[in-house]
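Here's the structure, in structure tokens; my notes come after.
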Amino acid sequence: CKGKVSATAFIWPDPKLSPIVKELWCSKKITKLFHNVSFDRTVLDQQLGVSMDGDWNDTLLSHHILYPGMPHDLQSVGSHLLDVPPWKHLGKEATKEKDLEKLRYYNAMDAWVTRALWDKMIVSLKDDRALYEVQRACTEEARQMHLRGIPVSQTCVKQEAQRLNVEGVEANLTWIREQYAWPEFNHNRAADIRKLLFEILKFPIMGYTDKQRLPKTDEETLVACSRSRAPKESIVAVDHLMAVRSASKAYSTFVRPLEEKNIKRLHFEWNTTGTVTLRWTSKTNCQNWPKPLRKMVVAPKGFIFIAA
């Protein structure tokens, strides 16, 4: 107990406490308080088997509005506004040591800090209450979007896998292998890339790796070679190599996971507090998909996508 706020932690799940927690969770009269409602509410809804009812507030949202350029994790916010000593490390320690008392203390500190933060920030939010309400609505919509997910067209997934592997990787690899009579050339083998660039094509070495001090063959090096004043046939070879890498990376990053797991619906985790400007981000980074691959996700029946 610290000041006017106290916190109690108990081991969960507990058959005796479950009905009480569920009743509190579903009560319209009780306002719930979170630090990251998108995660906590989703998890507890699933564990309790019911959807939360009643109003709620979030100290992560309020801190993002009041101090947009600062870290928003609970430890940082607690240290910033309450000057509490570090405690988050106790969670891992308690789990590793199977120390229930330490685990109770860790969770009680989470609860106490969250409530103490809200009591402090609610006063500061007075002038930004309208923005806070907008953020609350956006956060709930983002959570619902995560739960609903977006349909995936496995037909388009297979088409893109074919296009990237055949037209992107194999066609360009075949050109290199035939052009330089090198059927064993492997674009995933750094030694092969070095031999092609610096021995066969005679490009100058542009830098060395930090650990092994070998000539670099990264994307920056390839771009520099492609833009150099080397003979045209050398530039063409580098362009084919870059096309192989680009197609291979696109397939392994975006297409293969959908193809191998036969995913029918993607549940992106949207974050409304990821930027200072309130622009949304997504944990799975769906916003940087190459344009040709975006057709793999389709609008639900009766809906359309609108792109800005």
Side-chain angles (χ1 to χ4, degrees), residues 32 34 36-56 58 60-61 64-65 68 72 130-172 242-308:
K32 288 77 176 176
F34 303 91
N36 191 3
V37 64
S38 295
F39 176 81
D40 294 342
R41 179 177 176 180
T42 301
V43 170
L44 283 170
D45 277 355
Q46 292 173 348
Q47 289 186 354
L48 294 170
V50 291
S51 181
M52 188 200 80
D53 208 343
D55 200 6
W56 58 271
D58 191 323
L60 190 154
L61 292 183
H64 180 250
I65 289 171
H72 305 303
L131 179 57
Y132 174 72
E133 294 302 327
V134 170
Q135 275 294 82
R136 282 211 314 166
C138 288
T139 298
E140 177 56 19
E141 181 57 34
R143 195 181 73 86
Q144 292 295 334
M145 287 170 59
H146 164 69
L147 293 173
R148 290 193 298 266
I150 301 176
V152 174
S153 168
Q154 277 296 322
T155 299
C156 290
V157 169
K158 290 178 174 57
Q159 290 173 351
E160 286 306 302
Q162 175 80 0
R163 180 182 68 83
L164 290 171
N165 286 322
V166 176
E167 299 177 19
V169 176
E170 291 303 325
N172 287 287
M242 292 175 66
V244 170
R245 278 195 172 178
S246 176
S248 179
K249 182 179 179 180
Y251 173 73
S252 61
T253 304
F254 304 106
V255 182
R256 186 169 63 191
L258 303 179
E259 184 182 35
E260 290 182 347
K261 297 179 181 179
N262 195 30
I263 292 175
K264 301 293 177 62
R265 209 170 188 91
L266 281 171
H267 296 270
F268 299 115
E269 295 183 36
W270 300 99
N271 182 6
T272 62
T273 60
T275 66
V276 173
T277 60
L278 305 182
R279 176 179 56 82
W280 289 21
T281 59
S282 60
K283 189 174 181 180
T284 41
N285 211 8
C286 66
Q287 292 152 301
N288 73 339
W289 280 29
K291 198 168 184 179
L293 301 183
R294 295 177 188 178
K295 62 184 178 184
M296 294 189 300
V297 294
V298 294
K301 188 176 181 180
F303 292 84
I304 60 171
F305 285 133
I306 298 178

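In this text the structure is predicted, and so the values were computed from the model without any measurement.
The CD atom of E140 lies 11.5 Å from the CG atom of D58; values are rounded to the nearest 0.5 Å. Expressed to the nearest 0.5 Å, how far CG of D53 lies from NZ of K32 amounts to 6.5 Å. With rounding to the nearest 0.5 Å, the separation of OG in S38 from CD in E269 is 9.5 Å. The structure places CZ of R143 at 5.5 Å from CG of D45, a figure rounded to the nearest 0.5 Å.
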side-chain contact (heavy atoms from CB on, under 4.5 Å) assessment of L131 paired with L278: CA-CA 10 Å; L131 179 57; L278 305 182; 3.8 Å; yes

The test is side-chain contact (heavy atoms from CB on, under 4.5 Å); show your working for M52 and L44 and say whether it passes. CA-CA 8 Å; M52 188 200 80; L44 283 170; over 6 Å; no

What do the steps show when you test W56 against V37 for side-chain contact (heavy atoms from CB on, under 4.5 Å), and what is the final call? CA-CA 9 Å; W56 58 271; V37 64; 3.6 Å; yes

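By the 30° and 60° cut-offs, the orientation of the rings of W270 relative to W280 is tilted.
For Y132, the ring pair (Phe, Tyr, Trp, His ring centres under 6.0 Å) partners are W118, not counting sequence neighbours. For N172, the side chain to side chain donor-acceptor pair (under 3.5 Å) partners two or more places apart in sequence, or in a different chain, are H240.
In terms of modelled atom types and a separation under 3.5 Å, the side chain of D40 and the main chain of F34 share no donor-acceptor contact. Under a 3.5 Å cut-off, the side chain of S252 and the backbone N or O of S248 do form a donor-acceptor pair. Checking side-chain atoms of Q162 against main-chain N and O of E167 turns up no donor-acceptor pair under 3.5 Å. With T253 contributing its side chain and A250 its backbone, the two residues share no donor-acceptor pair below 3.5 Å. Checking side-chain atoms of H64 against main-chain N and O of G274 turns up no donor-acceptor pair under 3.5 Å.
Remark: E160 engages R163 in a salt bridge, criterion side-chain N to carboxylate O under 4.0 Å. Salt bridge status for R136 with D55: present, with a side-chain N to carboxylate O gap under 4.0 Å.
When all heavy atoms are compared, the tightest approach of A161 to E259 is CB-OE2, 3.6 Å.
Environment of CZ in F303: sparse, with no more than 12 heavy atoms of neighbouring residues, nucleotides or ligands closer than 6.0 Å.
Between L293 and L164, the closest side-chain pair of non-hydrogen atoms falls below 4.5 Å. Looking at P151 and R265, their side chains come closer than 4.5 Å, going by heavy atoms from C-beta outward.
The closest side-chain donor-acceptor pair between T273 and N271 falls under 3.5 angstrom.
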